[in-house]
> 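Handing you a structure now.
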Amino acid sequence: MKENEKQSPSETKKEFDSEKPLLSGLSNTKKLLLLAAMYLSAIGTMVFSGTDSVLLPKAAEQFGALDYYSVALPLSSIVTIVMMPLSGFLMARNPTIKIKLFVVEWLITVVGGIVMACAQNYAMIVLGMMLARMCFPAVYVCGFTIIRELYDAKQAGIYMGLMNTVMLASNIIVPTLGGAVVDGFGWRWMYVIIAVSAALPAAVAILTHVTYPEYAKGLSTNSPFDAVGLISLVVTMGGFIPFVALGRSLVPFGTPFSWILLATAIVGCIALALSIKKKGDESILPVPALKDRNVLCFFLGNFTNNFAILSCFLFLPAYMMYAMGGTAVEAGLATSLHSIPGFILGAFVGGWIGKHQSVKLPVNFGAVVRLAVIGFFAFFLNPTMPIWVPIVVFFIGGFYTAMAGSLYTAGPQIILSAKRRATGIGIISMGQNLGSATATCVYGLLMSAYGIETGLHYAFMLAFAVVIINWLVMLPVKKEDD
C-alpha cells in the first residue's frame, strides 16, 4: 500500500479492525530514522530531568533565590500534567498530527532551554522550566505511540522496552556529566546543551518527511476543542500541585494562601467534572476513556507505582548517609546499581508484553519483588546493619523498576484498543506526575514530623500498603479487541 493512497470506507474499517500499524507501510529507512528520533528524545528527556537537581540550586545561588529555588519543579510539573491528556486529546482528534505534535513539543523545549540559558533572574528559570517540560508529553504520549504505529505488537514492545533501557542508561551517565559541565563551564552552558539535545529529535523527525496514510483521517474523533475542560484542568492542577508541593516550605499548610490554593483546586475540579459531564465523548478527558477498565487500572497503577517507589528514591540515600553513617559514594552506588537490571530486562519485558498481549508477568513478578524489597526496608532496615545490605536489597529492587518501566509505557500501547489508545495514554501518563507530587508531599511531612530515621520507617510502611493496592488495581488489566 502506498503511503498516501486513498481507501474506501470499507477498507478503512478493515484497517481499523485489524489494528494494522498506521505507519507500517513506511520504508525501513524512514522507520529507522523515526526510531532514532524517538531514542534521541529519550536521551533529551534525561538530559533535562537528570540535571535539574544540580542546575536549579546553582542558578538560584546566582540570583539570590536559594530559599525558594525548589518552587521551579512543582510549578513546571503543572505543564506536564496538563499536557499529557491534552496531547492525547489532540492526537485522537487528528491521528495524522502525531509526528508534527512531537516536533512542536520538542521545539518548545528548545525555547525553554534557551530561556534558562539566558536567564537574568530566577523567574526566567521557572518560565524556562515550564516550557522545557513539554519534552515529557513528547516522549511518553507522542513518542511511544509513534513507535507502536511503526511495528506490530511484538516488535513495538521490544523497541518500546529499549526506550526504557536508553532512559535508564542516560539517567546514570547524565548527572555525572552534567555536574562536570557545571563545574567546568558554568550552569548556563548546561542549559545550552539541554537546548541542543532537544533540537536533535525534532530535527531528525522533520528529516523523515513522513506523512500518515489517507485512511488515518477516518479514525479521527473530530471533537471540537474543549477549551472549558482545558482551563478547568489547568485551574485544578494550578491549585493542587502548589498546595501539596509547597506546603512544607513557601506556602505552609494552614496559612491563608494555602487555603486559597486548596479552594482553587476544588473549584477547578468541580468545573472540570461539570465540563466532562456536559461534553461527554468530546471532553479533554473523554468519558469513554475514563470509564474504560484498562485506562482506569493503568492510571491508578501508574499513580501508586510512583507513590511507592519514591519512598526509596527520595530518602533511602539520605538515610544511608545520615542514619547509617555511609558516604555519598555508597549512597550514590545504591541508586546506580538499582538501574542495572533495566539494561537486561527492558527490551525483554516490552517484547513479552507485545508477544503475549498481556501484562501478567510484570504485574505479578514485579509486585512480589517490590513487596519483598519495600517490606524489608519497612520492617528490618535499621542504622546498625552493614551499609552493603541496603545497597544489595535496592539492587534487587531494580528488577521491579525495570518491570514497571515497560509496564506503564509499552503496556498501555499494547493493551488498549486502538480507538482508546491516544486519549487513554494521555490520562494514564497523568498518574505518574500526580503520584510523584503526592508522594513528595506525604513523605516530606513524615520526615519533618518524625525525623529521617523514624519518618522513613513510617514512609516505607505506607509504601508497603500502597504496593499491595498497586498489585490489586493492576490485576483486572486485560487485552480488549477493537
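Quantities reported herein were computed from a predicted structural model and do not represent experimental measurements. Because only heavy atoms are used, hydrogens play no part in the values below, and waters and symmetry mates are left out as well, while side chains stay in.
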> Between the side chain of Thr327 and the main-chain N/O of Glu330, is any donor-acceptor distance below 3.5 Å?
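It does hold such a pair.
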> Are the side chains of Phe303 and Thr438 in touch, meaning some heavy atoms are under 4.5 Å apart?
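Yes, their side chains come closer than 4.5 Å.
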> Minimum heavy-atom separation for Trp189 and Phe185, please, with both atom names.
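Closest approach of Trp189 to Phe185, heavy atoms only: CD1-O, 3.3 Å.
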> Using the ring of each side chain (for Trp, its six-membered ring), is Phe144 parallel, tilted or perpendicular to Tyr140, with breaks at 30° and 60°?
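Rings of Phe144 and Tyr140: parallel, under 30°.
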> With rounding to the nearest 0.5 Å, note down the distance linking CE in Met91 to SG in Cys142.
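The distance works out to 5.0 Å.
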> Verify whether one side chain among Gln62 and Trp187 offers a donor that lies under 3.5 Å from an acceptor in the other.
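Side-chain D/A pair, Gln62 to Trp187: present.
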> Do Leu434 and Met237 come within less than 4.5 Å of each other through their side chains, counting heavy atoms only?
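Leu434 vs Met237: side chains touch.
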> Check the pair Ile414 / Met160 against side-chain contact (heavy atoms from CB on, under 4.5 Å), numbers first and verdict last.
CA-CA 10 Å; Ile414 302 299; Met160 286 187 284; 4.0 Å; yes
> Using atom types as modelled and distance alone, determine if a side-chain donor or acceptor of Asn382 lies under 3.5 Å from a backbone N or O of Met385.
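Yes.
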> Please check if the side chain of Gln120 supplies one atom and the backbone of Cys118 the other of a donor-acceptor pair under 3.5 Å.
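Confirmed, Gln120 side chain pairs with Cys118 backbone.
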> Out of the candidates Thr304, Asn306, Asn302, only one should pair with Asn470 under the side chain to side chain donor-acceptor pair (under 3.5 Å) rule; please name it.
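Only one of Thr304, Asn306, Asn302 forms a side chain to side chain donor-acceptor pair (under 3.5 Å) with Asn470, namely Thr304.
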> Do any N or O atoms from the side chain of Trp259 and from the backbone of Gly254 form a donor-acceptor pair under 3.5 angstrom?
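Such a contact is found between Trp259 side chain and Gly254 backbone.
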> Of the options Val192, Val47, Thr109, which is the one that meets Ser197 in a side chain to side chain contact (heavy atoms under 4.5 Å, CB included)?
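Answer to the side chain to side chain contact (heavy atoms under 4.5 Å, CB included) test with Ser197 among Val192, Val47, Thr109: Val47.
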> Here's a test for you: under side chain to side chain contact (heavy atoms under 4.5 Å, CB included), which of Leu230, Ile427, Leu285, Ile284 qualifies with Phe89?
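Looking at Leu230, Ile427, Leu285, Ile284, the match for Phe89 under the side chain to side chain contact (heavy atoms under 4.5 Å, CB included) is Ile284.
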> Take atom OH of Tyr322 as the centre, draw a 6.0 Å sphere, and report whether it contains more than 12 heavy atoms from other residues, nucleotides or ligands.
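It does not: Tyr322 OH has 12 such atoms or fewer within range.
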> Tell me the closest heavy-atom pair linking Ala37 and Pro201, and the distance in Å.
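In this case the closest contact between Ala37 and Pro201 is O-CB, 3.4 Å.
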> Please walk me through it: do Tyr191 and Ile114 pass side-chain contact (heavy atoms from CB on, under 4.5 Å)?
CA-CA 7 Å; Tyr191 282 127; Ile114 295 172; over 6 Å; no
> What pair of heavy atoms forms the shortest contact from Val110 to Ala199, and how long is it?
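Closest pair (atom of Val110, atom of Ala199, distance): CG2-N, 3.5 Å.
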> With the side chain counted from C-beta on, respond yes when Leu296 and Leu290 share a heavy-atom pair under 4.5 Å apart, and no when they do not.
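The answer is no; the side chains never approach within 4.5 Å.
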> Is it the case that the side chain of Arg188 and the backbone of Ala117 share a donor-acceptor pair, with hydrogens and angles ignored and the cut-off at 3.5 Å?
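Yes, Arg188 side chain to Ala117 backbone: donor-acceptor pair under 3.5 Å.
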> Is there side-chain contact between Met116 and Phe48, with at least one heavy-atom pair below 4.5 Å?
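In contact.
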> Got a donor-acceptor contact below 3.5 angstrom from the Thr264 side chain to the Gly239 backbone?
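Checked: no pair found.
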> Which pair of non-hydrogen atoms, one from Ser429 and one from Met84, has the smallest distance, and what is that distance?
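The answer is CB-SD, 3.4 Å.
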> Just verifying a value: how many Å separate Ile391 CD1 and Ile396 CD1, rounded to the nearest 0.5 Å?
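If we round to the nearest 0.5 Å, Ile391:CD1 and Ile396:CD1 are 12.5 Å apart.
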> Please determine whether side-chain contact (heavy atoms from CB on, under 4.5 Å) holds for the pair Tyr159 and Tyr39, giving the CA-CA distance in whole Å, both sets of side-chain angles, and the decisive distance to 0.1 Å.
CA-CA 9 Å; Tyr159 288 126; Tyr39 290 143; 3.5 Å; yes
> Ring centroid separation for His338 and Phe394, is it under 6.0 angstrom?
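Yes, they do, as the ring centres are separated by less than 6.0 Å.
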> Can you tell me if Lys98 uses its side chain to pair, donor with acceptor, with the backbone of Thr145 under 3.5 Å?
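Here the side-chain-to-backbone pair does not exist.
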> Phe460 and ring-ring contact (aromatic ring centres under 6.0 Å, His included): which partner among Phe379, Phe380, Phe377, Tyr443?
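Between Phe460 and the candidates, ring-ring contact (aromatic ring centres under 6.0 Å, His included) is satisfied uniquely by Phe377.
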> With a sphere of 6.0 Å drawn around CZ of Phe253, does it hold more than 12 non-hydrogen atoms of other residues, nucleotides or ligands?
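Atom CZ in Phe253 is crowded, with more than 12 foreign heavy atoms closer than 6.0 Å.
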> Which distance, rounded to the nearest 0.5 Å, do you find between the CD1 of Ile147 and the CG of Leu162?
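Separation between the atoms: 9.0 Å.
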> Considering only heavy atoms from C-beta outward, does the side chain of Leu381 approach that of Leu316 to under 4.5 Å?
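Answer yes - side chains close enough.
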> Keeping the roles fixed (side chain from Ser406, backbone from Met403), state whether a donor-acceptor pair exists under 3.5 Å.
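No.
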> Is it true that the side chains of Asn294 and Arg420 contain a donor and an acceptor less than 3.5 Å apart?
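Absent: no donor and acceptor within the cut-off.
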> Please state whether the rings of Phe102 and Trp106 are parallel, tilted or perpendicular, taking 30° and 60° as the class boundaries.
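Plane angle over 60°, so perpendicular.
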> Counting only N and O atoms by type, is there a donor-acceptor contact under 3.5 Å from the side chain of Ser76 to the main-chain atoms of Met130?
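Answer holds: no.
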> If we only count heavy atoms from C-beta on, is the Val389 to Pro386 side-chain gap below 4.5 Å?
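Yes, their side chains come closer than 4.5 Å.
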> Distance alone, cut at 3.5 Å: any donor-acceptor contact between the side chains of Asn164 and Thr409?
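Yes, a side-chain donor-acceptor pair sits under 3.5 Å.
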> Can you tell me how far the CE atom of Met83 sits from the CD1 atom of Ile78, to the nearest 0.5 Å?
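Met83 atom CE to Ile78 atom CD1 measures 14.0 Å (nearest 0.5 Å).
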> State, with a plain yes or no, whether a side-chain heavy atom of Leu75 is found less than 4.5 Å away from one of Met129.
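Of all side-chain heavy-atom pairs linking Met129 with Leu75, none is under 4.5 Å.
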> Does the Ser436 side chain pair with the main chain of Gln432, one donor and one acceptor, at a distance under 3.5 Å?
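Yes; judged by distance alone, with no hydrogens or angles, the pair exists.
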> Evaluate the criterion side-chain contact (heavy atoms from CB on, under 4.5 Å) for residue pair Tyr400 and Ile374; output intermediate values, then yes/no.
CA-CA 11 Å; Tyr400 72 68; Ile374 294 185; 4.2 Å; yes
> Does any non-hydrogen side-chain atom of Leu407 lie less than 4.5 Å from one of Met474?
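With C-beta onward as the side chain, the pair touches.
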